[in-house]
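Here's the structure we're looking at; comments come further down.
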2 protein chains.
Amino acid sequence: MSTATPERTGGVVGARVRRHEDDRLLKGLGRFADDVNRLGQVHARIVRSTLAHGEILRIDTAEARALPGVLAVITGADLGDIPPIPIRLPRGDEPDGCLQRILPDEVRYVGEPVAAVVAADPYLAEDAAELVTVEYRELPVVLDAADGPASARMQAGFGEVDAAFSAAAHVVELDLDVGRHAAVPMEPRGLVAEYDAANGRLQVWGATKVPVFNRNVLARMLGMPAEQVRLHAMDAGGGFGARGEFYPEDLLIPWLARRLRRPVKWTEDRAENLVALNHSRQQRHRIAAAFDADARLLALRDGITHDNGAYLRTHGLLVPELTIGMLPGPYRVPAYQASVEVVLTNKTPCGTYRAPGRYEGTFAREHLLDVAADRIGIDRAEIRRRNLLRPEEIPHVRPLRALGTDMVLDAGDYPALLETALARTSGWRDEVARLRNSGRKAGYGFAVFLEKSGLGPHETADVIVEPSGRIRVHSGGTSLGQGIETVLAQIAADRLGVDHEDVQVVNGDTDLQPFGLGSWASRSTVLAGNAVDLAATAVLARARSLAARMLGAPEDLLEHAAGAFAFGDRSVALGEIAAACAPGSPYLEPGTEPGLAARRVFEVDHMTYPYGVHVALVDIDPGTGHVTVPRYLVAYEIGKAINPTLVEGQLVGGVAQGLGGALYENFHYDDQGQPQAATFMDYLMPTAAEVPGLVDTIVAEDAPSPDNPLGTKGAGEGGITAAGAALANAVRDALGLGEAVGRLPLSPQWICTELG
Amino acid sequence: MSTATPERTGGVVGARVRRHEDDRLLKGLGRFADDVNRLGQVHARIVRSTLAHGEILRIDTAEARALPGVLAVITGADLGDIPPIPIRLPRGDEPDGCLQRILPDEVRYVGEPVAAVVAADPYLAEDAAELVTVEYRELPVVLDAADGPASARMQAGFGEVDAAFSAAAHVVELDLDVGRHAAVPMEPRGLVAEYDAANGRLQVWGATKVPVFNRNVLARMLGMPAEQVRLHAMDAGGGFGARGEFYPEDLLIPWLARRLRRPVKWTEDRAENLVALNHSRQQRHRIAAAFDADARLLALRDGITHDNGAYLRTHGLLVPELTIGMLPGPYRVPAYQASVEVVLTNKTPCGTYRAPGRYEGTFAREHLLDVAADRIGIDRAEIRRRNLLRPEEIPHVRPLRALGTDMVLDAGDYPALLETALARTSGWRDEVARLRNSGRKAGYGFAVFLEKSGLGPHETADVIVEPSGRIRVHSGGTSLGQGIETVLAQIAADRLGVDHEDVQVVNGDTDLQPFGLGSWASRSTVLAGNAVDLAATAVLARARSLAARMLGAPEDLLEHAAGAFAFGDRSVALGEIAAACAPGSPYLEPGTEPGLAARRVFEVDHMTYPYGVHVALVDIDPGTGHVTVPRYLVAYEIGKAINPTLVEGQLVGGVAQGLGGALYENFHYDDQGQPQAATFMDYLMPTAAEVPGLVDTIVAEDAPSPDNPLGTKGAGEGGITAAGAALANAVRDALGLGEAVGRLPLSPQWICTELG
């Protein structure tokens, strides 16, 4: 159950309307990358490195080429001089030579592309790929970040940390590991590329997340003008930060299509997906806090080792930067110092995964607070009450930066939301007691977190009114399963006063919206949503002026309601006004653009900071160590929920993924760098049996963001951010540990060991 | 050879640049309707009436349906209540019930669609179509317009005609028939339609001429919002007025695609094309002129019977209207009266064919002037000199209307162009004499004509500057082989000061340019061209303002040259300015549209009137009657040639078609209304052997149109307009006839008869 959403006058913003996407998805009409088929298409298969580190001495493609039905086998030598994959959000201080090149001479992780095969069907392509033999000179592998030299170092902080620690009444320091896990979307990646030699245009289906950026990268790599490349975003079976970034295959498949003059299709299989898609999370924290005698924070310090895998991919140094930027969370921290060493290892490169840096940092900070409360001897909630920023301290300017923006915690009442969550779950403590009485190891844990969302600098949207009265929106956002088509339709409909079902949203078509920045970092509702609102507002202003001419009435006396402008008992609907904007209409001002449409940019230079509380009840079988999570709560302050049902869906889904990283998922390697979790038998994704049957949500709308007209904040990540922390705290509570758990995931093996 | 085109400062307007279209066409990369293939497509075949007039009693589709691989067989009963095909340019006085319905209960010409079959391949579809049996009740047929009642009557005129005839020194009256012939483009029609159930959108490939109008008609017939239908114009192997109008198949194929949820392809074969595509021209004129003693025209009178075939299709009454509107031509006609009876017959319906009404009317008028000159006893050129409007009489307001516009002959020196043409061909008379001396029947003939072009009311174009510096143009014109992509690229490049090869023109995509009216009536260069010029001018104004901010200089001190704005020694290119219009740029004014682009409408409420002279030398074998045309000249006043090579190409191509109608082409029927010219064995298209090896052209640019900024006039039709007239005059001259030839075509049989 969520808090009730008051009915707005506008109507549809805030309403629990059914998802537009579901109309096609529930009928089996969704179109995912592998659903795209182009006439005459051929199929690519990537040949991947079987060594974690080695120099390629020779690639023998003769046998593969000889297979009937094989059209091409290419290696790095065929590609020529193609630049490496660039960083999407560069800081400027990224180390040279860490970028990933495509089909390089030296491989640095198992799974790295070394060749590509194209054949008449995918099975043949796979068979041919197995005939490609690669001769390597083996090179030494680095697998533990502690063993490698740092490629980059970052620091952040403020205040007199050393002095605070010297003067502290209590100092608590923990060593905490966060395991290597990843987004693992249900749908692996896929691409279809087609080159039209008649007009020199290249089309690529299967984009998502950041199509325009990827279009520009691809065009640059191929030496084509950007407008000659069109990327089409599709339905996507999950993105979570990983899917939709530019990977080697995003160059290889279009390159092959242009070379062969045939549509080329590539669909990643699960084994590839587990070694090729970005991994994430793996960090080691030495975190310490200094408290005064009243358990008030004097300073916070963290020293982090960040394992980034083999390369800096498109995310560059973003995850370690976000980790240290967001670590102080919603607390009053007088002094803070954090450093991070980024180490390259011979494992799959890392990037973002839902709540990057915050999942890790929230675990470190909130676990530390639990341990500290126990050591100081105060209640675990009370230590937070004393240290959370109070509403009168908000907006809070924190002298840190995140994603290139100054950090201003914009709106909120953190203690109030904590009390709400604690009150809602107060009965759970009795349940813990009951379970313990029956011999179970039960525990209650919670964690408070700060999120960020609405990253600028801008997003663009077109709103077009058709003479039929229907509305088209061309947005730069992309559909990752989050329901953005519905949300943007609601925003446009609310502003224009039309039925949201009359609004058709097209996302992620780089021809239709060449200025889109995409959907990531919980930015779309804030950025794309407000861009739609601005464009709809501009459309409405033009419509009012046309309506005034059509009705022969002064603009300011017109009433706007139900998708029409009225003057007295006469009115003109938006569709009629659109028709009156067509060429030849007497109402269209000479020399102006025909059509009732506007393209507008929403710009913002600060992020907005939602926040929340996770509460977990765990029930551990003392015999087997099996952890069940019978109850879970996410309380989340969203500013303004455009569609509360979709926000709740985001939160519940986030919990499922957060639980995976907290209890099960871990990419482990043998000592040669061979991945040991290359199937779902070894990489433990939580299933319906492991995920809490009941995830309760509180969607609060008490602190609208002052930074955007809709007052909304992003909801994409709050369901996962504190899951590792809350579950670790609950397990520690269940096991009655005095010390910290020390790590995530708290695997079944680890639980058994702790149970003795 | 044409008159030299002076080099303009702008550069590329007026230049003989190579056609952009040829880059793909010469490489075999052109994409015509039948080149479109969609995955999973199935194939339609139309079952056509074998009777000229009959009531359908029963259609038996069972046997066809039973054929394996047949997906559907539909008849009128399946379609439900679909409105008839509307008239595209209605006058408002068209008779009720003359419109063509789709799959009707009563057939009115051989070839009328009565059912449609869809099957897995086109051969199977054709086999299945032959299994559909139709039981008819035969109804009486009308084949000669003289035998049918008039469905519509129109009149036009001014002055005291009867009084003029009474007072005349000379009256000449002729009966002249113009045969039934047609455009017969090299590429028959074709369509591929695909319906996407996921988003409710229908796409149709194979459109041309008027895609937006056809999109709207199709959407209305299907009960869909217009913006849910997207038509794609393709390369077209000739249009000539006939191809690209809305025919029954334009509804049937998309209807089937939506019904079957499969892409449906249909390609017309030649036999279908000869009975299904619009016929044209068939008229009977009783034309008379009254002259004073000095052979000056006192009045002109014409009574016309117009055979329109079975229905009023999209052209409605346009051809007969144009015939009487344009009949007085470039002459000073003090009094004029024309009437036309439009008769429906049980033959293929008629529409426009290149120079509709003018080919017919020019033949009637110019043949009459030759006969009159002979009878009065003055030179055939002299009679025209005395009667052509003199430059000081221009602009000449003629109290007639054509295509719904007032007729103002806008610019010209008709006598001068006649003298130029006569001078250029003066040597031909010696050639005639030499041929005659050698026993041949040789003749010299010429005709003066007035054309119309640049029909409004408007056309729309987008000009978009990409950060790459390349320009995109989205035009409402369509490519019919005339080179419009090249012409529009030249106009944009000339205005923007860029290389025309950096301009990419996309025509006839109803999504990209939803306001386009299309390419017909020699309107595109004038309408689409000036729209592009306006949009490019608007882009340039915005670019100047941005450049001023970028260079920190006052706008009016910036110099525009070579696609850049310069201030002193610093300059910014258009591509850089486009990049500075992107969201996030400090140069983009807040609240404005990002991007360097403009959509503009060019509006015009008058047509512009080009004119010209055709001169033909014919050489008739007195034994066989075979007519050769060793020399031919078209002199044409174009106002401003954007690309003289393309104008010359239009003129030469027009001559080839005009010669076909003058000497060979004729759709004849037996007395049951069965077409007797249903293959190229019986319908005599001129081949390379019949077409003059040397067509000389004079492209004059002495009388720019004052009605549009480019000063240009249309060139699509001037090559055909007077071909019937000039050839008829030359043949009459060769044969030494005292009387009129009486008809077109002057078929080999007729020549033989005349030769005795």
Side-chain angles (χ1 to χ4, degrees), chain A residues 23-25 27 29-31 36-41 196-201 216 219 224-228 235 456-460 462 464 466-470 472 476 504 506 511-512 514-517 531 534 538 575 582-584 588 590-595 597-603, chain B residues 23-25 27 29-31 37-41 196-201 216 219 224-228 235 456-460 462 464 466-470 472 476 502 504 506 511-512 514-517 531 534 538 575 582-584 588 590-595 597-603:
Chain A
D23 186 53
R24 63 174 185 275
L25 293 173
K27 289 177 186 162
L29 294 171
R31 206 146 163 261
V36 178
N37 290 298
R38 305 294 297 176
L39 202 78
Q41 75 191 7
D196 184 346
N199 58 19
R201 294 206 86 203
N216 294 347
M224 293 175 66
E227 73 277 6
Q228 289 290 72
D235 284 316
H458 54 77
E459 189 53 86
T460 306
D462 306 350
I464 303 155
E466 300 286 352
S468 66
R470 286 161 45 98
R472 277 214 247 186
Q504 188 171 32
V506 180
D511 266 19
L512 295 182
F515 297 117
L517 291 191
L534 284 182
L588 182 67
T592 60
E593 305 254 319
R599 168 171 287 179
R600 284 296 180 275
V601 182
F602 176 66
E603 292 189 271
Chain B
D23 186 53
R24 61 174 185 276
L25 294 172
K27 291 178 187 161
L29 293 172
R31 202 144 167 263
N37 289 298
R38 303 294 298 176
L39 200 79
Q41 75 190 7
D196 183 346
N199 58 20
R201 295 206 86 203
N216 295 346
M224 292 175 65
E227 74 277 5
Q228 288 290 71
D235 284 316
H458 53 77
E459 189 54 84
T460 306
D462 306 348
I464 303 156
E466 300 286 353
S468 66
R470 286 160 46 98
R472 277 213 247 188
D502 286 337
Q504 187 171 33
V506 180
D511 266 18
L512 295 183
F515 296 117
L517 290 192
L534 284 182
L588 182 68
T592 61
E593 305 254 318
R599 168 172 287 179
R600 284 296 181 273
V601 182
F602 175 67
E603 292 188 272

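Throughout, protein chains are lettered first and strands after them, A, B, ... in sequence-line order, and every chain is numbered starting at 1. Only heavy atoms go into these numbers, but all of them, side chains included; no hydrogens, no water, no symmetry mates. Remember, it's a predicted structure, so these values are computed and weren't measured experimentally.
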Nearest non-hydrogen partners of A:Phe515 and B:Pro583, listed with the distance:
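Where A:Phe515 meets B:Pro583 most closely, the heavy atoms are CD2-CD, 3.2 Å.
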
Under 4.5 Å, counting heavy-atom pairs only, tell me which of [options] racks up the most with chain B.
{"options": "A:Gly591, A:Gly30, A:Pro590, A:Gly469", "answer": "A:Gly591"}
{"options": "A:Ala582, A:Ala219, A:Pro225", "answer": "A:Pro225"}
{"options": "A:Pro457, A:Gly200, A:Gly584", "answer": "A:Gly584"}
{"options": "A:Gln228, A:Arg38, A:Arg24, A:Gln41", "answer": "A:Gln228"}

Go through the atoms of [X] and report whether side chain, backbone, both or neither lie under 4.5 Å from a heavy atom of chain B.
{"X": "A:Asn199", "answer": "both"}
{"X": "A:Ala538", "answer": "neither"}
{"X": "A:Arg31", "answer": "neither"}

Looking at chain A, which one of B:Ile464, B:Leu29, B:Leu517 has the largest number of heavy-atom pairs inside 4.5 Å, strictly under?
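Among B:Ile464, B:Leu29, B:Leu517, the one with the most close pairs to chain A is B:Leu29.
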
CD of B:Glu227 to CD of A:Gln504: how many Å apart, nearest 0.5 Å?
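Taking CD in B:Glu227 and CD in A:Gln504, the distance rounds to 7.5 Å.
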
Could you give the distance from CG (A:Asp462) to CD (B:Glu593), rounded to the nearest 0.5 Å?
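Spacing of CG (A:Asp462) from CD (B:Glu593) equals 7.5 Å.
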
Apply side-chain contact (heavy atoms from CB on, under 4.5 Å) to B:His458 and A:Leu588, showing your working.
CA-CA 13 Å; B:His458 53 77; A:Leu588 182 67; over 6 Å; no

Part of B:Glu603 lying under 4.5 Å from any heavy atom of chain A:
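Contact with chain A: side chain only.
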
